[in-house]
Structures are given as C-alpha cells and as structure tokens.
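Structure first, then comments.
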Number of protein chains: 2
Amino acid sequence: MTTMKEIAERTGVSVSTVSLVLNGRDAGRVKPGIASKVRKTAEDLGYRPNPLARSLRTSKTKILGFISDEIATTPYAGRLILGAQDAARSMGYMLLTVNTNGDVELERHEISTLKQYDVDGFLYACMFDRAVDPPDSLEPLPTVLLDGTDKRGRLASIVPDEHRIGYDATRRLIEAGCRSIAYIGAGGEDLPKVSGQVIADRYPADVLREQGYLDALHEAGRETDPDLMIRVSFNRPALDAVSDLFDRKRPDGFVCFNDARAWYVYLCAAQRGLTIGRDVSVVGVDNHRLVSDTLAPELTTVDLPHYEMGYWGTLKLVSIIEHRTPDDAALPGTRSPLPDLSETNAMIHCTLLERHSVADPAR
Amino acid sequence: MTTMKEIAERTGVSVSTVSLVLNGRDAGRVKPGIASKVRKTAEDLGYRPNPLARSLRTSKTKILGFISDEIATTPYAGRLILGAQDAARSMGYMLLTVNTNGDVELERHEISTLKQYDVDGFLYACMFDRAVDPPDSLEPLPTVLLDGTDKRGRLASIVPDEHRIGYDATRRLIEAGCRSIAYIGAGGEDLPKVSGQVIADRYPADVLREQGYLDALHEAGRETDPDLMIRVSFNRPALDAVSDLFDRKRPDGFVCFNDARAWYVYLCAAQRGLTIGRDVSVVGVDNHRLVSDTLAPELTTVDLPHYEMGYWGTLKLVSIIEHRTPDDAALPGTRSPLPDLSETNAMIHCTLLERHSVADPAR
DNA sequence: TTGTATGCGTTATCAT
DNA sequence: ATGATAACGCATACAA
C-alpha cells in the first residue's frame with residue numbers, strides 16, 4: 001500500500017503538496033509542473049488513498065451500513081443487495097452489511113456497531129413494501145428505506161412499482177387474445193409476517209398488482225368479474241380453490257401474484273390435460289425464478305423484463321447518500337434533494353431506474 | 001461517540017492509562033482503584049473503541065471482505081451471507097461485501113478496494129462446490145473459500161456435505177417403505193455455468209448426492225438400477241424423460257437433485273391422477289423453498305432439517321480469520337489451526353456446525 | 001504506577 | 001507556491 005509520504009519522497013515535495021494535488025485542490029496553488037509530476041508518480045506507484053485514515057480527519061468513511069432483517073434469507077434479497085452494491089460502488093461507496101433476524105435488541109446493537117465504524121449513512125432494507133417505523137438510533141445519519149416506507153414520513157424510500165407489474169401482466173394477456181382473465185392472489189393464512197408477527201391483512205404488493213390488473217381490464221373496456229379473482233394460500237385448499245375456478249369460470253388467462261400461485265394453475269392445467277401457452281396463458285411474478293428457469297420458454301410466456309425476478313429484478317438502487325454543501329448543484333438525473341437530515345448539511349439524492357418509484361418526503 | 005480522551009479527562013488520568021486498562025493490559029501496571037474507575041466511566045459513557053482509528057496503529061480492522069460473483073443473485077445466497085454474518089458478528093467482525101458479477105477485471109478492482117479498506121482477510125464465495133483458482137491478488141491476506149475448493153490446495157474452504165444429503169434423502173424413502181426409488185439428476189444442457197462459461201460436465205452436488213443415493217441403497221441391501229437414474233434439463237424434454245420413467249419403471253419414490261427436478265415429478269403425478277405422499281413419495285433438495293413453501297406438508301414429506309434450503313440451509317459459517325501469536329491455544333471447538341498465511345502470524349481457525357465439512361489443506 | 005512522546009495516513013491551517 | 005505542524009483516535013515504547 002503506497003502512501004502519500006512515499007510519493008512525496010519520490011517527488012521531492014512535501015506531503016501537503018501531494019495531498020493538495022491528489023485532491024484536485026491545486027488550482028493556482030501548486031506549480032503545474034510539480035502537480036503533474038506528483039500525479040505521475042502517484043499513478044506509477046498505483047497510489048490509492050486510505051479511506052480509513054482519511055476518515056479520521058474528514059469523518060467520512062465512504063461506507064454505508066446495509067441493515068436487513070429477514071429479507072436476507074428470502075430469494076429476492078440477493079438482487080436487492082446486488083443492486084445496492086452496484087450503485088454504491090459506482091459512487092465510490094462500500095457496503096457494510098448486517099442482519100438483525102428481526103431481533104430489536106440485536107438491531108440496536110448492530111446499528112451501534114455500524115456507527116462505531118463511522119458509516120456515512122444507512123440503507124434499511126424492509127419487506128413487503130410496508131410502512132415501518134425505523135429505530136431512532138439511526139439518527140442523525142441519513143437513511144434510505146428499501147422496499148418499505150417510513151411510517152412517520154421522514155425518510156426517503158425506494159419501492160418497486162407493483163401496480164405497473166399487475167397492469168403490464170394483464171395487458172400482455174389481453175394482447176395475447178385471452179377472453180377471460182383471472183387473478184390469483186394471496187390469502188387465507190398466508191399473511192405478511194415479520195419474525196412471526198402478522199403485519200397486515202394482505203400483502204401490499206398483492207393489493208397493488210391486483211389493482212393494476214383491474215385498471216388494465218377497465219382501460220381495455222373489459223368487464224371485471226369478482227368471481228374471477230380469488231385469494232389462496234397453500235396446499236390442498238389452494239389447489240381446490242384454483243380447481244374450482246378452473247371448472248366454474250373456465251378462464252383462459254391467469255395473472256398470478258407470484259410463482260407459488262402460478263404453481264397451482266400449472267397443476268390444475270396438467271390434471272385437465274390443458275397445455276400452458278396454448279389452452280391457457282399464465283403470467284405471474286416469478287419471485288423464486290423457478291417457473292421461468294424450469295418451464296420457460298416452451299410452456300409459458302412469462303416475459304416481464306422490467307421486473308425479472310418480480311420484486312427486485314431490475315431495482316438498481318441508485319439512491320445514495322452524499323454529504324454536500326447546500327449550494328451544490330443537484331447531480332444530473334436526480335430528483336430534488338431532500339431536506340437536510342444532519343447538522344453537516346447532508347442531503348439525500350435519489351435517482352430511479354426503470355419503473356420503480358421513490359417516495360420523496362419533501363414533496 | 002465517546003473517545004478515550006473524554007474518559008481520561010473525566011477520570012483525571014492520561015489517555016495511555018485508559019488505553020492500558022481498556023485493553024486489559026493493566027495487570028500490575030495500573031492501580032486497581034484507578035483501573036476500575038476508568039472502567040466505570042467508560043461504561044457510564046458507553047464507550048466503544050473506534051476500530052478504524054485503532055486499525056491505523058494495529059492494521060487490524062476487524063473487517064472481513066466478502067467476495068461473491070453470481071452467487072449473490074441465487075436464491076441460496078441469502079442464507080450463505082446470513083451465516084457468514086452471524087459467524088463474523090459472534091467473533092467481533094464485520095463484513096464488507098462486494099460482488100464481481102463474474103467479471104475478472106472488476107474482481108481485481110474490488111479486491112484492491114477491500115485491501116484499501118484494510119480488511120483482515122477474505123471470504124471468497126463460490127458456487128457448485130467447484131474447484132476454483134482464486135486470484136493471486138488475495139494474497140497475502142488469509143482467505144476462506146465458501147462452497148468451493150482451492151484448485152491449488154492452499155486455501156481452507158467450507159462446503160456442504162452433499163453426499164449426506166443424498167444419503168439421508170434416500171434413507172427416508174427406504175424407511176417410508178418405498179420399493180422402487182428413482183434418482184432425478186441434472187443433465188442435458190443444464191450444466192454448471194459461471195458467467196456463461198460451462199465449468200464442468202455435471203454439478204458436483206449432483207454427483208455427490210447421487211452417490212449418497214447409491215450408497216444408501218447398497219447399505220440397505222437393495223439392487224441399484226441404472227434405468228431408475230436419469231438426468232434431465234428443463235421444459236418438455238425434461239417432462240418427457242420423467243414421464244417415460246414413470247411409465248416404464250413405475251417407481252414409488254423419487255430422490256430429486258433439486259426442486260426444479262421435483263417439479264416434473266409433481267406434474268407427471270398430477271397428469272396420472274397420482275397423489276404425492278400416498279401413491280408416490282418425493283424427496284428433494286428445495287433450493288428455492290418453493291416446494292416446501294407451497295406444497296408441504298400435505299402433499300410432500302420433504303423434511304431434511306439439517307439442510308433446510310438444501311444447499312446452504314444451516315451452513316453456519318464459523319470459519320473466521322484471527323490474527324494470533326503462534327503460541328496461543330486453539331479456540332475451543334476448533335480444529336487444528338492452519339499454517340501461517342501471512343507475515344503477521346495469521347492463522348485460520350475453522351469450526352464446523354451441522355454436517356457440512358471443511359477442507360483443511362493442513363491435513 | 002503513571003504520563004509523555006511518537007506514529008499510523010490523511011487533511012487543514014498557517015507560516016514562509 | 002510550498003512546507004511545517006497540528007489534529008483525528010488509538011496503541012505503545014520509553015521516561016519519570
């Protein structure tokens with residue numbers, strides 16, 4: 001690890017000069033000849049600043065704390081983490097990740113530890129796009145919520161556009177010529193739970209996707225039929241409910257909340273000798289990547305590139321925490337900055353790719 | 001964030017004394033009265049050392065770099081990361097996670113960045129338990145491989161006990177009274193790939209689970225039958241192959257490499273009016289948690305608690321990197337330490353939970 | 001038994 | 001235009 005000191009020695013200047021040059025603060029302060037010489041030897045030696053030592057002075061580590069509860073164990077979490085990492089890297093940040101297993105006490109401790117490591121801010125990963133009440137101990141560091149919104153409306157958040165998912169899926173079936181399109185949602189005992197606690201009577205994603213389904217039908221001038229919309233949980237009851245729907249309404253298109261629900265459609269179709277993709281069409285969000293991995297392309301026409309794994313497929317987190325002075329221009333492509341969240345004039349800039357939306361408390 | 005300085009001021013001693021006491025180096029060097037006073041005010045102020053500042057002197061950050069390629073996007077990765085984090089936390093480490101997307105150039109850069117952050121060592125996460133050739137740039141920091149082994153036999157690694165998975169699954173069906181047990185493996189175009197490149201002609205996990213299946217049968221005095229063992233990929237060809245097996249051999253038990261393969265068994269059974277759990281039994285590794293989430297317990301008897309999500313369910317990574325002097329006693333429950341891997345007398349201690357095994361180059 | 005001095009790599013202030 | 005120098009929080013050799 002080459003240091004500024006070495007560069008200074010090799011160039012025959014002082015460390016201060018090296019610091020000035022390498023931080024781009026040499027305009028009119030360091031002779032251009034010297035400056036370029038410093039830059040060259042830095043390059044030659046492969047110099048990279050030590051962010052930890054730097055943080056001792058600046059108290060900016062370029063490290064973000066990534067906090068997740070159970071999310072880390074779910075199949076979609078990987079891509080969430082991936083997106084966050086990609087975004088962080090592209091802006092020169094690193095992610096220090098912890099998980100709390102839904103344990104409040106542990107969470108408190110982990111947050112404290114992250115602060116110990118002088119993180120510049122937090123990424124707080126939730127589930128189900130639900131309204132959460134993030135712990136006060138996150139303050140005063142800037143924080144962005146992922147797949148969840150702040151109950152108190154203080155923190156910025158990034159959530160997928162669930163309505164659009166339901167809408168697009170339904171459009172697809174309409175355009176494919178389906179005449180009778182069903183919606184298979186989640187229900188029964190399958191309720192959104194966080195560490196064993198039921199936190200709502202329906203999955204927010206299910207509600208929104210269903211609404212997208214309804215809106216697409218309306219927009220196309222179709223009738224909507226409550227009998228075509230069911231909510232099932234798992235196992236035999238779910239299979240029975242879907243079977244009943246098959247025989248009672250004979251739909252030729254299915255919008256499924258997720259692959260778990262699509263599963264029963266496949267089984268029912270198989271039991272009746274129907275072929276998916278010919279006799280009936282199924283579109284659903286493939287949380288687990290199982291349907292698309294195993295039955296596509298022949299048996300299904302699942303193709304929702306903008307969501308991919310459904311929940312978090314292309315959610316590229318590009319919300320990042322930057323400390324800037326208030327008079328800095330907003331970064332290109334960003335939305336209006338949020339109000340300051342710390343004494344150091346910290347601001348949060350949120351940018352959004354694809355069709356995911358960002359909740360901006362400032363509006 | 002309270003510092004040693006504050007404690008020193010409040011206690012009326014110097015920072016050095018505080019440092020001595022708080023690091024437990026006060027035996028016979030600091031008056032017990034002073035020492036306890038220091039400890040008390042440290043407690044009162046909620047002092048926690050700044051590991052970054054400390055690292056400037058000790059060059060030990062208590063941070064481990066967690067490097068993964070595509071693994072982060074797969075469904076089982078979440079639990080791997082979880083296990084690593086839990087283990088790290090329990091030993092006072094944090095994880096700085098990066099992903100390389102299988103890009104060698106990016107990998108080089110990320111490793112360099114991690115070194116910049118002065119990580120104490122690396123966790124190098126692989127896939128498929130394959131033999132890999134980790135980049136030289138990891139050196140000289142101690143490194144542990146996850147779900148992969150070192151081609152050159154230098155690095156320690158942790159891998160799941162795949163043979164045991166196949167063995168247990170088969171035993172279960174034998175004990176359930178199945179008379180004809182099939183093995184559905186992976187084959188065809190479904191080859192282990194890393195960033196698009198085929199890296200073997202079969203999944204190592206598949207090979208090992210299949211061997212476990214064979215060994216369980218032999219041990220039970222059963223005949224093995226090559227016709228009962230097939231390897232399928234996806235879609236129609238897979239379905240056709242399983243259908244053929246169903247009709248040709250009429251097995252009443254199935255050991256499936258993974259849930260994707262079990263899927264076809266379910267479909268075939270449904271098409272024939274057979275009920276899983278009564279007419280035929282299926283045991284498989286549920287990578288995606290879809291089978292167990294949706295069809296258990298009524299339709300399946302999948303119950304392999306020691307593997308849970310199959311690959312990485314209970315793989316609690318407790319292999320951790322510790323810098324210790326050579327004369328330190330081995331930690332309780334650890335295996336024999338590996339040879340030093342750096343100039344600083346670094347050693348790697350590996351402990352193992354459940355039935356996963358650790359490859360120990362020192363043996 | 002305790003305090004002082006020094007250094008880790010960096011930034012920032014202030015002389016020169 | 002450049003270079004000492006101090007400071008960030010901590011550890012440690014050495015002086016007292």
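First the proteins, then the strands, lettered A, B, ... as listed; each starts at 1. Every value quoted in this text rests on a predicted model; they were computed, and no experiment measured them.
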Take atom CZ in B:Arg10; do more than 12 heavy atoms of anything else shown fall under 6.0 Å from it? no
Can you tell me if A:Arg89 has over 12 outside heavy atoms packed within less than 6.0 Å of its CZ? yes
Integer-rounded Å distance: C:dT10 P and B:Asn50 CG: 17 Å
Could you list by number each residue of residues 2-21 of chain A showing a heavy-atom separation from DNA chain D of less than 4.0 Å, or answer none if no residue does? A:Gly12, A:Val13, A:Ser14, A:Ser16, A:Thr17
Grab the OH-P distance between A:Tyr117 and D:dG9 for me, whole Å please. 17 Å
Nucleotide D:dT12, atom P - distance to CG of B:Asp26 in whole Å: 14 Å
Regarding B:Glu107 and B:Tyr124, do their side chains bring together a donor and an acceptor under 3.5 Å, going by distance alone? yes
Please assess B:Ile67 against B:Ile111 for the test side chain to side chain contact (heavy atoms under 4.5 Å, CB included), listing each intermediate value before the final yes or no. CA-CA 8 Å; B:Ile67 305 168; B:Ile111 290 174; 3.8 Å; yes
Reckon A:Ile34 touches a base, only the sugar-phosphate, or nothing at all at heavy-atom distances under 4.0 Å? sugar-phosphate
Side-chain N or O of A:Arg29 closer than 4.0 Å to phosphate OP1/OP2 of D:dA1: no
Take atom CZ of A:Arg54 and atom P of D:dG9, then tell me their distance rounded to the nearest Å. 18 Å
Carboxylate-amine/guanidinium proximity below 4.0 Å for A:Arg152 and A:Asp136: yes
Would you mind checking if B:Arg108 and B:Glu105 are paired as a salt bridge, meaning a charged N to carboxylate O distance below 4.0 Å? yes
What is the distance from CG of B:Leu56 to C1' of D:dT12, rounded to the nearest Å? 14 Å
Roughly how far, to the nearest 0.5 Å, is OG1 of B:Thr97 from CD of B:Glu110? 10.0 Å
With side chains defined as the heavy atoms from C-beta onward, is the minimum distance between B:Ser55 and A:Leu52 less than 4.5 Å? yes
Could you give the NZ-to-C1' distance, from B:Lys60 to D:dT12, as a whole number of Å? 13 Å
Starting at atom CZ of A:Arg57, determine the distance to atom P of D:dC8, rounded to an integer number of angstrom. 8 Å
Selection: residues 37-48 of chain B, any non-hydrogen atom under 4.0 Å of DNA chain D: B:Tyr47
Using a strict threshold of under 4.0 Å (side-chain N to carboxylate O), is an ion pair present between B:Arg39 and B:Asp26? yes
Between C:dT11 (P) and A:Arg25 (CZ): distance, integer Å: 10 Å
On the nucleotide D:dA11, are OP1 or OP2 found under 4.0 Å from the side-chain N or O atoms that B:Asn23 carries? yes
